[in-house]
Number of protein chains: 2
Amino acid sequence: MPDQTKERIVDAAYRALVKQGYHETSMKDIAAEAGVAPGLAHYYFETKEDLLVATIERACQPVMEAWRQAGMNLTGPLPEDADPMVVARMGFELAKEELRTYRGLFLLTFDMFGVGLHNPKIAAAVRAFIDERRAFIARITQGVIAGMNEAPIASADAIAAALWGSLHGIYLQKVMNPDFDAEAAIDALSEMAIAFATRPRVSLEVR
Amino acid sequence: MPDQTKERIVDAAYRALVKQGYHETSMKDIAAEAGVAPGLAHYYFETKEDLLVATIERACQPVMEAWRQAGMNLTGPLPEDADPMVVARMGFELAKEELRTYRGLFLLTFDMFGVGLHNPKIAAAVRAFIDERRAFIARITQGVIAGMNEAPIASADAIAAALWGSLHGIYLQKVMNPDFDAEAAIDALSEMAIAFATRPRVSLEVR
DNA sequence: CCCTTTTATTTGGTCAATCAATCAAACGCG
DNA sequence: CGCGTTTGATTGATTGACCAAATAAAAGGG
């Protein structure tokens, strides 16, 4: 049962990493959590970094699945007949849903961001992670802009970057402080985005 | 020259931490960078955590100073006669300025966020760091809301959280990828915020 | 002013603990 | 038997923390 064992190690790595973080989790810890010998993890993963990357990818699968079930594909194109405004609103709802469901994944992700600051291999994985989600938001934004009364100054990519950043920043505040009302913050962001998308001609001059 | 030595250690810690990150920097590295004996850092700072906290506080000083010189006090009240809209616009400009100037501080900050995920003492420092900046934004937001045509659904605090999160998320993208056009993202955020602040009565229904 | 005592600072080495990674040997299934 | 899998002990290196001794600075006394 080689594949099964590999999976058991990745699952154990997820639990251990969520609980203790990358630098505080040893390969021995992970092996113990998986109930295998200390050396076995290195049979399947050459380095600890590789195991972390595999763990992230695995942990993202249920999220991707949730998006797909909601009729949205993070990587594929938007459905032909989709109203971008509707998709955007659904996106904000899904963001709130994620917040309730995937606290462990966020811990893992933010931990990986920290590690990636000084680790090229992890940094590459982090950039890919960001790019995928940002590109998805950009596709929606593109459609929203097309339907706007007045073209915005900023590009769809820049707006997507601001939106992704905002969601990330809100998630971070939630992880750092469980009492933080992240849903209210997402609602606020949503309200800003809608005001932007439905704005009439507006002067940028200070009143 | 006890104070001077302590300062030299903190400065060395800043350089070493920015270059290598918390977990890859040993107390010995910092002592070497400062040109003092390996054990000396432990004379001034009981633990490595304490040194990190001191280093962050020190690194934030020039930023605080820049804000103060721009006529804004991160901790104090807004000036009586200040137009919140003008302050907000200046805030976005300062955010862009910071981005150009303080890359090292951002690396340090994001590193600290990562460490704080699984380290209570650092986590407390992180929460204080976030709260201070978010509260400042909230004061501006409060004033902007007061001048709006229609009261928003979201509270000033929620909006401030979304805005701070967005700035943080944009900074992160910049740190992770120097080619990322963070100024465009901040401009996009600014455009959204202004659309929100100057919006007329708008239906939340999907068109 | 010099000498002594006390206190503050700095040194450099030691400590036990921990780590990722390696590897030879054992296992077990076909 | 043979080969992919698994074991668990080992390696060499590094870590944060600690400490006793050395040095410098300050205080006090004659």
Side-chain angles (χ1 to χ4, degrees), chain A residues 1-56 108 111-112 114-123 125, chain B residues 1-56 108 111-112 114-123 125:
Chain A
M1 49 180 82
D3 280 4
Q4 213 168 347
T5 305
K6 190 170 179 175
E7 200 167 325
R8 235 183 42 215
I9 291 175
V10 174
D11 284 350
Y14 174 80
R15 290 193 299 277
L17 288 169
V18 165
K19 192 165 58 181
Q20 320 180 64
Y22 182 75
H23 287 288
E24 288 74 28
T25 302
S26 69
M27 293 297 268
K28 220 169 263 191
D29 289 341
I30 295 172
E33 175 77 36
V36 299
L40 190 57
H42 277 289
Y43 176 75
Y44 288 102
F45 303 95
E46 204 165 328
T47 67
K48 195 180 164 185
E49 294 166 333
D50 293 337
L51 177 50
L52 174 61
V53 172
T55 305
I56 289 278
L108 197 61
D111 197 29
M112 186 175 69
V115 177
L117 286 174
H118 301 279
N119 181 321
K121 204 185 276 188
I122 306 296
Chain B
M1 52 180 81
D3 279 5
Q4 213 168 348
T5 305
K6 190 169 179 175
E7 201 167 325
R8 238 187 37 218
I9 291 175
V10 174
D11 285 350
Y14 174 80
R15 290 192 299 276
L17 288 169
V18 165
K19 192 165 58 182
Q20 322 179 62
Y22 182 75
H23 288 288
E24 288 73 28
T25 303
S26 69
M27 294 295 270
K28 236 165 248 193
D29 289 342
I30 295 171
E33 174 77 37
V36 298
L40 190 57
H42 276 291
Y43 175 74
Y44 287 103
F45 303 96
E46 204 165 328
T47 67
K48 196 180 164 186
E49 294 166 331
D50 293 337
L51 177 50
L52 174 61
V53 171
T55 305
I56 289 278
L108 196 62
D111 196 29
M112 185 175 71
V115 177
L117 286 173
H118 300 279
N119 180 322
K121 205 185 277 188
I122 305 296

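Letters go in sequence order (proteins before strands), and every chain restarts at 1.
- Projected onto DNA chain C by closest heavy-atom contact, A/Ser26 and A/Leu40 fall at different nucleotides, the more 5' of which corresponds to A/Ser26.
- The side chain of A/Tyr43 places no N or O atom within less than 4.0 Å of a non-bridging phosphate oxygen (OP1 or OP2) of C/dT22.
- Between the CZ atom of B/Phe45 and the P atom of D/dC18 there is a distance of 16 Å, rounded to whole Å.
- Annotation: the span from B/Leu108 atom CG to B/Leu17 atom CG amounts to 6.0 Å, rounded to 0.5 Å.
- A close approach under 4.0 Å does occur between a side-chain nitrogen or oxygen of A/Thr5 and OP1 or OP2 of D/dT6.
- Look at CE on B/Met27: it is 18 Å from P on D/dT14, rounded to the nearest Å.
- The side chain of A/Ala37 approaches D/dG8 more closely than any other nucleotide in the set D/dT10, D/dG16, D/dG8.
- Put simply, NZ on B/Lys28 is 13 Å from P on C/dC15, counting in whole angstrom units.
- Other residues, nucleotides and ligands contribute more than 12 heavy atoms inside 6.0 Å of the NZ atom of A/Lys121.
- The side chain of A/Tyr44 lies closest to D/dT5 when the candidates are C/dT11, D/dT5, C/dA21.
- Comparing A/His23 and A/Pro38 against DNA chain C, the residue whose closest nucleotide sits nearer the 5' end is A/His23.
- Remark: C1' of C/dT18 and NZ of A/Lys48 are 11 Å apart, rounded to the nearest angstrom.
- Figure legend: A/Lys6 and A/Phe45 shown as a cation-pi pair, the cationic atom lying under 6.0 angstrom from the six-membered ring centre and within 45 degrees of its axis.
- In this structure, A/Glu24 atom CD and C/dC19 atom C1' are separated by 13 Å, rounded to whole Å.
- Considering only heavy atoms from C-beta on, A/Val115 comes within 4.5 Å of A/His23 through its side chain.
- Note: CG (B/Asp29) to P (D/dA17) measures 14 Å, nearest angstrom.
- The interatomic distance linking B/Gln4 (CD) with C/dT10 (C1') rounds to 15 Å, in whole Å.
- With hydrogens and angles disregarded, a donor-acceptor distance shorter than 3.5 Å links the side chain of A/Asp111 to the backbone of A/Tyr22.
- If you take NZ of B/Lys6 and C1' of C/dT10, they are 16 Å apart, rounded to a whole angstrom.
- The side chain of B/His42 contributes no N or O atom lying less than 4.0 Å from OP1 or OP2 of D/dC18.
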